[in-house]
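Given the structure is predicted, the values throughout are model-derived calculations rather than measurements. Here is the naming used below: chain letters follow the sequence lines, and residue numbers restart at 1 for every chain.
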Amino acid sequence: MDVSYILDELNDAQRDAVTADSPGTLVLAGAGSGKTRVLVHRIAWKIKVEGLSTHSIMAVTFTNKAAKEMRGRIESLLGSSLNHGMWVGTFHGLAHRLLKAHAQEAGLPNNFQILDSDDQLRQLKRIHRELALDDSRWPPRQSQYFINGHKDEGRRAAHIDDFGGDLYLTTMLKVYRRYEEICRQQGVIDFAELLLRALELWRDNPAILDHYQQRFKHVLVDEFQDTNAVQYAWLRLLASKGMAMTAVGDDDQSIYGWRGARIENIQQFSKDIENTHVVRLEQNYRSTATILKAANALIANNSQRLGKELWTEDGDGDKISLFAAFNEQDEARFLTDRIAELVRDDYRRSDIGVLYRSNAQSRILEEYLIRAGLPYRIYGGQRFYDRLEIKNALAYMRIVELRDDDTAIERVINTPTRGIGTRTVEILREYAREHQTSLWRAALAIIENGLLPARAGNALRGFLALVEDLAEQCRDKPLDEQINIAIDRSGLLAFHEKEKGEKGQARVENLHELITAAAAFEPEDEDIEPLRAFLDRAALDAGDQQADEHEDSVQLMTLHSAKGLEFPAVFIVGVEENLFPHKMSMEDPERLEEERRLAYVGITRAEQKLFLSYAESRRLHGQESFNSLSRFVREIPNELIDEVRINNTVSRPSSYAQSGVTTSQQASAAAMGIALGQRVLHSIFGAGVVLSFEGQGASARVQVNFEDEGSKWLVLQYANLQLL
DNA sequence: AGTGTAAATTTTTTT
DNA sequence: AATTTACACT
């Protein structure tokens, strides 16, 4: 059989990675070095040359998008469809599949539901209220962070030592325990629980583990640097009987430390598996030499690296553009102007990626893009299935599916309003807590025993009847019909139609979109009831971005969601201290290094052109701030950068007027060379930024926000400030 | 019980 | 700035 097509067009290192026949293979793949290609070709090699069955291969990725792409590329390389024999999916997706197959052994009801992070937070808020915790002293977010953090490390409440009654720990543990109890009662599991349960399932049921150990002969893991402790332990269990494993990763692209990812797993891998074959892929096929030089120089500032340097046979190409905008509007204008120029130069809009550190930055960019008539598409951000109206609609379906789902009940019991007020819900909660049961069962019992005033009782009975009616009506109907019935009968549609303004209209449209999505929904697994499969998909899948998918449009996204993508032209906006690196990450050296890796990821997305921009003054969350150029840009060698500042001659924006500084004051400040946002150096306090200004002549004072000392008012005459 | 308005709170990244 | 929460009013 001719299998040369599998190895053709691969370089030596890639070929080595594809054909390696060792128990452990570790591929350290730099950005743009053909990582996915190696994975896909390696799978083809295992099947076509080594004769493994598709049934015995498992491939794990981190995003649904990556899983889908991998499946597609394998199919097109092999020229045949993969069906369900091969397990390709995300850790969460595969864990979910596993738990559904063995729900009983995993201690879950057959129809367990997934609790997403938003619902998880709501649940925790309720627990805090129940435990009478003051939200300002004990923010629910902190509990969420605590619980997820420990779950990611494989620790349940019972495993955590409270160190003899430490108040913080005992409180957090109280919440954690109560949370576990409630989840168990309702038959719901959160994201971290999905992974932890899957691990425990194998650990505690040797027969089941053995079955999968027999079945899988080879497991391949993409983005290995992003695995957390539980995921790694899960893989180790599976591979403990000498099954072969391939891990592909890049320590320089580890950007999910905050989610429990452990870069160390890469090193651990070669320690744990004997005779690990290590392959380095350093030749880059994506970017110009200039872009790679910048990326290499930047990442060299990180201390803990396995070491790796990208190179290319390509030429230098264009320099990297750096634009200093006055403010975020100026930046947005620069962006749209340049994009328009690129489009004029025959770039397709979809060839252009716009990356930013945080989602909040996209709004202003969108505004300018719309004004310029440039179609765009946003990845990530508010996901379709996370929208309020969609979650409400799905909540009805979830209750139909599983009556005990308290989160869903709380969400829609009075949405749209139907006379069930806070007091009534309060009574339900109390009853449920006392009798250790769900809200649904509590409601049934309360009505049975006539524990409510007539009016509230009627309203509640109405809700229960509605749900039963929905369940009745939906039986044996097609999925889209079911959802249509639910949003109609529940009054949800009418509720949003009545809502005034564009918002209500958008919500109605989204609800229709949901019906369309339901009609188009094709379950991956025929055996599962469509509604169940649809709800699972809604929880686990980002909802592959709706609408306009085929129009040629500029691609907007956070740096995190850009990982794995590439564009001929890339804009990274907001390269400012405090924003990127984010101020939350500046104190801790490890987190700062993660920010640097994020910058590395961003830069290496670019094929030909890279534009960086920053704003000297930026209004974010209603507050004006003055940030200096990001240290990451300063870490790029000067000769690679071309500083452009098109609007150089335009007068400074109105930051003077806003702060109430008069023209004459401006004049005297200007005479000293001091402008708002100007960076200055003080002999004692160090470096800082001018925030405000008042008075003239001898009484002139400036307010400076010092990096180390905070903000201070100084008499200009004596301050002896040096301009930076 | 429901509705509207004022006050308070929150702003990193996501399966 | 925008969203959630608290509170007063109908």
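- Within 4.0 Å (heavy atoms only), A:F191 reaches at least one base atom of the nucleic acid.
- In this structure, the nucleotide among C:dT4, B:dT12, B:dG2 sitting nearest to the side chain of A:K125 is C:dT4.
- The CZ-P distance, from A:F580 to B:dT13, rounds to 13 Å in whole Å.
- If you check every strand for non-hydrogen atoms under 4.0 Å, A:R141 touches sugar and phosphate atoms only.
- Checked by distance alone, A:H582 brings no side-chain donor or acceptor within 3.5 Å of a matching partner on the base of B:dT12.
- Using a 4.0 Å heavy-atom cutoff across all strands shown, A:N359 reaches sugar-phosphate atoms only and no base atom.
- In the set B:dA1, C:dT5, B:dT14, the nucleotide with an atom closest to the side chain of A:T424 is B:dA1.
- The side chain of A:R619 places an N or O atom within less than 4.0 Å of a non-bridging phosphate oxygen (OP1 or OP2) of C:dA1.
- Results of the side-chain hydrogen bond (donor to acceptor under 3.5 Å, both in side chains) test with A:R631 over A:E577, A:E595, A:E576 single out A:E577 as the only residue that passes.
- Side chain of A:R455, nearest nucleotide from B:dT14, B:dA1, B:dT12: B:dA1.
- Atoms OH (A:Y145) and C1' (B:dT13) sit 12 Å apart, rounded to a whole Å.
- For A:S358 and B:dT11, the shortest distance from a side-chain N or O to OP1 or OP2 is not below 4.0 Å.
- The separation between A:L388 atom CG and C:dT3 atom P is 11 Å, rounded to whole Å.
- Note on A:T63: every side-chain N or O is 4.0 Å or more away from OP1 and OP2 of B:dT14.
- As judged by a 4.0 angstrom heavy-atom cut-off over every strand, A:R418 is placed among residues touching the sugar-phosphate backbone only.
- Across all strands shown, A:N148 has no heavy atoms under 4.0 Å from either base or sugar-phosphate atoms.
- Under the 6.0 Å distance and 45° angle rule, A:R363 does not count as a cation-pi partner of A:Y356.
- In this structure, the CD atom of A:Q120 is 16 Å from the P atom of B:dT14, given to the nearest Å.
- By the 30° and 60° cut-offs, the orientation of the rings of A:F463 relative to A:Y396 is tilted.
- Using a cut-off of 4.0 Å between Lys/Arg side-chain N and Asp/Glu carboxylate O, A:K391 and A:D119 are scored as salt-bridged.
- Toward the 5' end of DNA chain B, the nearer of the two residues A:Y256 and A:T417, judged by each one's closest nucleotide, is A:T417.
- Between the NZ atom of A:K583 and the P atom of B:dT13 there is a distance of 12 Å, rounded to whole Å.
- A residue-by-residue look at A:T558 and A:I420 shows that A:I420 has its nearest nucleotide of DNA chain B further toward the 5' end.
- Look at A:W258 and the base of B:dT13; the rings stack, centres closer than 5.5 Å and planes less than 30° apart.
- Contact of A:R259 with B:dT13 (side chain to base): no donor-acceptor pair of N or O atoms is detected under 3.5 Å.
- If you take CZ of A:R122 and P of C:dT3, they are 14 Å apart, rounded to a whole angstrom.
- Listed nucleotides B:dT12, B:dT13, B:dA1 differ in distance to A:M584; the shortest reach to its side chain belongs to B:dT12.
- Atoms CG (A:L592) and C1' (B:dT12) sit 14 Å apart, rounded to a whole Å.
- Among the nucleotides B:dT12, B:dG2, B:dA1, the one closest to any side-chain atom of A:R591 is B:dT12.
- Between A:L460 and A:L428 there is a side-chain heavy-atom pair separated by less than 4.5 Å.
- Atom C1' of nucleotide B:dT13 and atom OH of A:Y379 are separated by 18 Å, given to the nearest angstrom.
- Aromatic rings from A:W258 and A:Y256 are positioned such that their centres are separated by under 6.0 Å.
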